[in-house]
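Worksheet: the structure to be examined is printed underneath.
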Protein chains: 2
Amino acid sequence: MSRGKQNEPGTHRAMQVVNHIRSLIENGTLQPGDKIPPEREFARTLKISRASLRTGIGYLAAMGIMKVRHGVGTFVADGPAQFGKTSLSLIGALHGFQSWQMFEARIILESNLATLAAERGKEEHHAALAEEVAEMFAALSSPSDYLIHDLAFHRIVSQASGNPILAAVIETITSALYDSRRKTVERSIDIHQSAEMHRKLYHAIRAHKSKEAHDLMEQHLQLAQAAQGLERPADRKPGEAKSESIFTKGV
Amino acid sequence: MSRGKQNEPGTHRAMQVVNHIRSLIENGTLQPGDKIPPEREFARTLKISRASLRTGIGYLAAMGIMKVRHGVGTFVADGPAQFGKTSLSLIGALHGFQSWQMFEARIILESNLATLAAERGKEEHHAALAEEVAEMFAALSSPSDYLIHDLAFHRIVSQASGNPILAAVIETITSALYDSRRKTVERSIDIHQSAEMHRKLYHAIRAHKSKEAHDLMEQHLQLAQAAQGLERPADRKPGEAKSESIFTKGV
DNA sequence: ATCCTGCTGAGGTCAGACCACTAGTATACT
DNA sequence: AGTATACTAGTGGTCTGACCTCAGCAGGAT
């Protein structure tokens, strides 16, 4: 006895919202930074309840596609692509990721990104890299300022690689890595050496020496890794290896 | 005039739920596959409304941490780690990822994963790989069966690499890649050659020949890439290059 | 001119009723 | 007996509509 179903079955409202917004993004109606209509109004437009709409938005927000600002509105994310702010941390908690693994992933990815950047980098990227290198040398005495340009440098390399997907992965890992140890800023002792490596790396990229760029990036990160004591443990050393599940719910 | 605030301020309920579950996972109370209490009951326990609880669960579900099954219950995800099923597709829509970029990312990542697997693989992995290779040869005439073992093989390599983070990334990319072109199963013509390459790759990994494993994996994937016509376009060829934004909202 | 106040609009939460799906169990038919 | 159908309990999904909280702004008091 087919009871009059008031809605199509299986078409989860939340997904309906997700797909709707997805298509708005795909056809260009919605650009990064744009604001979407107020929930009450949007819900009326889509013929669904505000609750369902919110479920869908929550889904998108969880993946970093949208940014919700209480009292202001909901916007399409505009920063660098990323897989959700806390995703790695959460997934890590579930699967027991450790920080040396995150760093290892970073080394592998960025080394290859450097290779690609050396192969494909355009003048604009070279200029931007040069700019950051200069700023780094100018900030040798200010660790916090140095950090900013260090990050910018790496981000530009990601862009220059021409592969936004790998760039997004790196972005996710880097931000998680920072989140887990924001305090441990690099020792100022290493800064000069670090700046020097970035300079060489920049030259390798500009000269399209991909192999060299790869190795330099690898060395650079391995040094940073050592500086933070995040090497891969020799092996399942039974000792009191504090295994650093790093997502040490710092709370 | 402090109006009796019925709850602490700013402690977004959703995040409260997320953190609660996160800690339950971290301290081992919640294991993959476990079921969480029914929404109504859980909400009462946490002293929040069911709506808020659902928002939090939605957040976790979006990132693949939890799996919700209508009419059955909500569970902690148990499959291989992944960054949310549709995350890449959604982020891709926003940032215009293209399929050749996804494949490129896959080649780079899996090649390095093969290197690591060759360096760190244990007997258990070797045995599992051998098993899959055997199954592949046994399924030469059945593309769909072959596919299953092909996937399994690559997944084992990921595990053998000892880096679950990179494995999760690969898992995410692979599933997105499949989602976007489920129909394009490999031509049966290539299957025998493919099986052969997997066999060689297995041998390289078992013999701990990391460089060889890396190169074999790279070759194997480049062939697969070519078979699907997903090479990187020579360059911004102005022609009607159908650029394949691949997340062709296949609807 | 500056600061405080209150309004407005937007997201956040709540409560409770009702719909929809799954799976197991009881019942009826062959 | 055996199998198929119907019922039911349990759980997630959606809706409604009221109220809370926050951010920004306009207008008035100082």
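Every chain is numbered from 1 and lettered A, B, ... according to where its sequence line falls, protein lines coming before strand lines. Keep in mind the model is a prediction, meaning the values are calculated, not measured. Quick note: numbers below take in every heavy atom, side chains included, and nothing from hydrogens, waters or symmetry partners.
Taking atom NZ of B:Lys35 as the reference point, atom C1' of C:dT22 lies 11 Å away to the nearest angstrom. Spacing between atom CD1 of A:Ile57 and atom C1' of C:dT13 amounts to 15 Å, rounded to whole angstrom units. Separating the OH atom of B:Tyr59 from the C1' atom of C:dG12 is a distance of 16 Å, rounded to the nearest angstrom. Atom-to-atom, CD of B:Glu39 to P of C:dT22 comes out at 16 Å; the value is rounded to the nearest Å. Rounded to an integer number of Å, the gap from CE of B:Met66 to P of D:dG13 is 12 Å. If you measure from atom CG of A:Leu53 to atom C1' of C:dG11, you get 11 Å, rounded to the nearest angstrom. Atom NZ of A:Lys67 and atom C1' of C:dA10 are 18 Å apart (whole Å). Atom C1' of nucleotide D:dT14 and atom CG of A:Leu46 are separated by 15 Å, given to the nearest angstrom.
In this structure, A:Arg69 does not reach the D:dA23 phosphate: none of its side-chain N or O atoms is under 4.0 Å from OP1 or OP2. Put simply, B:Arg40 has no side-chain N or O that comes within less than 4.0 Å of OP1 or OP2 on C:dG16.
Taking the ring pair (Phe, Tyr, Trp, His ring centres under 6.0 Å) definition, one finds that B:Phe83 meets it with A:Phe83, sequence neighbours left out. Residues passing the side-chain contact (heavy atoms from CB on, under 4.5 Å) test with B:Ala61, sequence neighbours excluded: B:Val68.
With A:Phe153 as the partner, the side chain to side chain contact (heavy atoms under 4.5 Å, CB included) test is satisfied by one option alone out of A:Glu131, A:Glu135, A:His198: A:His198.
For the segment residues 70-79 of chain B, residues with any heavy atom less than 4.0 angstrom from an atom of DNA chain D are, sorted by number, B:His70, B:Gly71, B:Val72, B:Gly73, B:Thr74.
Looking at A:Ser49, its side chain does come within 3.5 Å of a backbone N or O of A:Ser52 through a donor-acceptor pair.
Counting all heavy atoms, side chain and backbone alike, A:Gln82 lies closest to A:Ser175 at NE2-OG, 3.0 Å. Looking at every heavy atom in both residues, A:Ser194 comes nearest to A:Tyr146 through OG-OH, 2.6 Å. For B:Leu177 against B:Arg106, the heavy-atom pair with the smallest separation is CD2-CD, 4.0 Å. Here the closest heavy-atom approach between residue B:Ile48 and residue B:Gln16 is recorded as CG2-NE2, 3.9 Å.
Pairs of Watson-Crick or G-U wobble type, with distances under 3.5 Å, assemble into runs of 3 or more in DNA chain D at these ranges: C:1-30 with D:1-30.
Side-chain atoms of B:Ile65 and B:Ile21, non-hydrogen and from C-beta on, never get closer than 4.5 Å to each other.
A donor-acceptor contact under 3.5 angstrom links the side-chain atoms of B:Arg50 to the base of D:dG13.
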Give me the distances for all protein-to-nucleotides 4-8 of chain C N/O pairs that come in under 3.5 Å?
none

Side-chain atoms of residues 31-40 of chain A: list all donor-acceptor pairs with protein atoms under 3.5 Å, sequence neighbours left out, distances to 0.1 Å.
| from | atom 1 | to | atom 2 | distance (Å) |
| --- | --- | --- | --- | --- |
| A:Gln31 | NE2 | A:Gly28 | O | 3.2 |
| A:Asp34 | OD2 | A:Gln31 | N | 2.8 |
| A:Glu39 | OE1 | A:Arg50 | NE | 2.9 |
| A:Glu39 | OE1 | A:Arg50 | NH2 | 3.1 |
| A:Glu39 | OE1 | A:Arg54 | NH1 | 3.4 |
| A:Glu39 | OE2 | A:Arg54 | NH1 | 2.9 |

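Here the nucleotide nearest the side chain of B:His12, chosen from C:dT13, D:dT14, D:dC15, is C:dT13. The side chain of A:Pro38 approaches C:dA10 more closely than any other nucleotide in the set C:dT13, C:dA10, D:dG13. In the set D:dG12, C:dT13, D:dC15, the nucleotide with an atom closest to the side chain of A:Ala51 is D:dC15.
The distance from atom CG of A:Leu151 to atom CD of A:Glu171, rounded to the nearest 0.5 Å, is 8.5 Å.
Defined by atom type and a distance below 3.5 Å, a donor-acceptor pair is missing between the side-chain atoms of A:Ser161 and A:Asn163.
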